Amino acid sequence: MQLSTFFDIILLNEVESMQLPNLKEARKRTNEEVPYIYLDEKYDSEVLKGKKYFVKTYGCQMNVHDGEEICARLESLGLFKTEVLEEADVVILNTCAIRENAHDKVFGYLGRCKHLKREKPELIIGLCGCMAQEESVVEEIRNKHPYVDIIFGTHNINDLQKLVLEVRNRKKLDVNVYSYEGKVFENIPYKRESNIKAWVNIMYGCDKFCTYCIVPYTRGKQRSRKSIDIIKEVEDLVKNGYQEVTLLGQNVNAYGKDLDDISFSSLLQKISDTKIPRIRFVTSHPWDFTDDMIEVIAKNDNIMPYIHLPLQSGSSDILRKMGRRYTKEEYLSLFNKIKEKIPNVAITTDIIVGFPNESDEDFKETLDVVNTCQFDSAFTFIYSPRIGTPAALIKDEVSLSVKEERLQELNKVVNEYSKQANLKYVGKVVPVLIEGVSEKDETKVFGYTDTMKLVNVVASKETIGKIINVKITEAKSFSLDGEEC
Ligand code: 5AD
Ligand code: SF4
């Protein structure tokens, strides 16, 4: 062994590597150009070849897609995936920071990993994703969870192979979290979970800074991918037989605002021209939703008539405090326009109850909008203060029990409208993309309508991967039953 290498190793053993998150830095937005980096990587290492990895992903679709990158990167080192935690040699927790309960789940799961490490001291434990971008989380892990080996953030998943390979050379926790605005990487490897439908990132980060939301801090500045790279990815998916793409971004209709020559509506048109059978996109913000977008969705059959349009609150006063940039009336007018122009459209939403000092009157306004819009479905949440966000500094006079009552009341109304929306399908024949064998009943298959309704279908397994006509026979609160026709 060369002397310098020997000393390098000694040094590595003794020095804890630290690139810590910093929320103040993460809040900054500059005019600096976004670096576009075209990766050209090769990993050739025998160290972990044949070992098993386990990835647990929490949170949104963006995280699920990041999970696909994590899997591909570990497989590039010759590891195999296992669905059983106890079998793993490498465990990665891909985390979400949007609400406190996501934190609690991760720390609960870390407890299981700790036990496992006692039995298997060679086990490598990594934590990444949005929680890794939070100062308080990294601090807690450094102080109370010394068995964690690596922490890396949302900006450097591409460091994963290097970090995992280096674990054996270190004794201490390796923290590699960057709080800068972020880059755009191309040629990212993905181990896609499905060969029927695929996630495609069209942009990263968010500049909206809604006052309750941690995402602009954990995911960096809004950065759009170049349309040429997105189209190439979709064309490759078409060549490989994919039936559906879901375009991902925190705020997809702001796509292109940071580029010179393209808007979301023109990107949608280009993707529609690839002839992929089904196109979806999440998430839309009411602020950037243009008439051009509505027109493009309405006129192209392969853009699905399904829009997730977060309301957050029905009170204009709360919306202003949330920094949402629209009023109740503006939301309703956009909602009505979409319903009028896109035939058969399904609209779903997100609603937060209990934003600091939300009054009974404010909450009634939320119920009022729900009763007016009769959403196909809604994801409802109790407001959760996130350290570092402006809303977390507001002194809140409303008790948790009041917030819980409001959530229950809201859910009752929301579920009733979901059921009613589903009931409208009974007796109709609708196209369904069949994705696999039904979880509840192995004799059936399951898939989704163009409007994103889950259907369990009496049909042969040959239909998997195809869009078939299904007659709806029964409506439940959260799914439909049907048969091929
Ligand atoms: N508390 C509760 N819900 C939140 N969301 C975002 N931040 C918070 C928070 N601090 C919800 C919003 C968003 C969805 C993804 O999560 O409704 O649309
Ligand atoms: Fe969060 Fe608002 Fe950005 Fe959505 S638009 S990610 S709610 S800051």
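Each ligand, and each atom within it, is numbered from 1 in the order the structure gives. What you see is a predicted model, and the numbers here were worked out from it, not measured in a lab.
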Exercise for review: Heavy-atom distances under 4.0 Å are what count here, so tell me which part of Tyr212 touches ligand 2: side chain, backbone, both or neither.
Suggested key: side chain
Check your understanding: Angle class for the Phe446/Tyr448 ring planes (parallel below 30°, perpendicular above 60°, tilted otherwise)?
Key -> perpendicular
Review point. Numbering the atoms of ligand 2 from 1, which are under 4.0 Å from a heavy atom of Pro216?
Key: 8 (S)
Check your understanding: How does Pro310 reach ligand 2, if at all, at less than 4.0 Å between non-hydrogen atoms: by side chain, backbone, both, or neither?
Key -> neither
Practice item. Could you tell me the residue and atom name of the protein heavy atom closest to atom 1 (Fe) of ligand 2, and the distance to it rounded to 0.1 Å? Key: Cys213 SG, 2.3 Å
Point to revise | Under 4.0 Å to a heavy atom of Ile352 - the qualifying atoms of ligand 1, by number | key: 3 (N), 4 (C), 5 (N), 12 (C), 17 (O)
Check your understanding: Which protein non-hydrogen atom lies closest to atom 17 (O) of ligand 1, naming both residue and atom, and how far is it?
Key -> Gln312 OE1, 2.6 Å
Check your understanding: Where is the nearest protein heavy atom to atom 16 (O) of ligand 1: which residue, which atom, and how far?
Key -> Arg99 NH1, 3.0 Å
Practice item. Pull out every atom of ligand 2 sitting under 4.0 Å from any heavy atom of His285, numbered as shown with elements. Key: 5 (S)
Review point. Would you say the side chain of Ile271 lies within less than 4.5 Å of the side chain of Ile230, judging by non-hydrogen atoms?
Key: yes
Review point. Quick check: does Arg386 get an N/O under 3.5 Å from an N/O on ligand 1?
Key: no
Point to revise | ligand 2 atoms in contact with Val215 (distance to a heavy atom under 4.0 Å) | key: 6 (S)
Check your understanding: Looking at Phe209, which atoms of ligand 2 are within less than 4.0 Å of one of its heavy atoms?
Key -> 8 (S)
Practice item. Flag this pair as yes if the NZ/CZ of Lys56 is under 6.0 angstrom from the six-membered ring centre of Tyr58 and inside a 45 degree cone about the axis; otherwise no. Key: yes
Exercise for review: Evaluate the ring planes of Phe375 and Tyr331, with Trp represented by its six-membered ring, and classify them as parallel (under 30°), tilted (30 to 60°) or perpendicular (over 60°).
Suggested key: perpendicular
Study note, to complete from the structure: closest protein heavy atom to atom 14 (C) of ligand 1 is Asp350 OD2, 3.5 Å
**Study point:** Other residues, nucleotides, ligands: >12 heavy atoms within 6.0 Å of Ile387 CD1
**Key:** no
Point to revise | Check: Gln133 side chain, Tyr217 main-chain N or O, donor-acceptor pair, under 3.5 Å | key: no
Review point. Contact between Arg219 and ligand 2, counting heavy atoms under 4.0 Å?
Key: no
Revision key, fill the gap. Tyr383 heavy atoms within 4.0 Å reach ligand 1 at atoms 1 (N), 2 (C)
Practice item. Output the list of atoms in ligand 2 that are nearer than 4.0 Å to some heavy atom of Lys208, sorted by atom number. Key: 3 (Fe), 5 (S)
Review point. For ligand 2, is any non-hydrogen atom under 4.0 Å from Asn251's backbone (N, CA, C, O), its side chain (CB onward), both, or neither?
Key: neither
Exercise for review: Answer yes or no for Ile214: is there a heavy-atom contact with ligand 1 below 4.0 Å?
Suggested key: no
**Study point:** No-hydrogen, no-angle side-chain donor-acceptor test under 3.5 Å, Arg324 and Tyr326
**Key:** yes
Check your understanding: How are the rings of His155 and Tyr180 set relative to one another: parallel (under 30°), tilted (30 to 60°) or perpendicular (over 60°)?
Key -> tilted
Practice item. Report the nearest protein non-hydrogen atom to atom 4 (Fe) of ligand 2: residue, atom name, distance rounded to 0.1 Å. Key: Gln250 O, 4.2 Å
Practice item. Could you tell me whether Cys210 approaches ligand 2 through its side chain, its backbone, both or neither, with non-hydrogen atoms closer than 4.0 Å? Key: both
Exercise for review: Determine the minimum heavy-atom distance between Ile98 and Ile214, stating which atoms define it.
Suggested key: CA-CG2, 4.2 Å
Study note, to complete from the structure: heavy-atom search around atom 10 (N) of ligand 1 in the protein gives Ser384 O, 2.8 Å
Exercise for review: Give a yes or no answer on whether the side chain of Asn156 reaches the backbone of Asn176 with a donor-acceptor pair at less than 3.5 Å.
Suggested key: yes
Check your understanding: Can you tell me the protein heavy atom closest to atom 6 (C) of ligand 1 and the distance?
Key -> Ile98 CG1, 3.4 Å
Exercise for review: Kindly confirm or rule out a cation-pi arrangement of Lys183 over Tyr36, judged by NZ or CZ under 6.0 Å from the six-membered ring centre and within 45° of its axis?
Suggested key: no
Check your understanding: Where is the nearest protein heavy atom to atom 7 (N) of ligand 1: which residue, which atom, and how far?
Key -> Tyr212 CD1, 3.3 Å
Exercise for review: Mind checking whether Phe381 contacts ligand 1 via backbone (N, CA, C, O), side chain (CB onward), both or neither, at a 4.0 Å heavy-atom cut-off?
Suggested key: side chain
Check your understanding: Are Tyr204 and Arg219 side-chain neighbours, meaning at least one heavy-atom pair lies under 4.5 Å?
Key -> no
Review point. Which of the atoms of ligand 2 are close to Arg324, meaning less than 4.0 Å from one of its heavy atoms?
Key: 2 (Fe), 7 (S)
Review point. Quick check: does Cys206 have an N/O/S atom under 2.8 Å of atom 3 (Fe) of ligand 2?
Key: yes
Point to revise | Ile352 to Ile382 - nearest heavy-atom pair and separation | key: CG2-C, 4.4 Å
Review point. So, Tyr147 versus His145, ring centres under 6.0 angstrom or not?
Key: yes
Practice item. Could you tell me which non-hydrogen atom of Thr366 sits nearest to which non-hydrogen atom of Gly314, and how far apart they are? Key: OG1-N, 2.9 Å
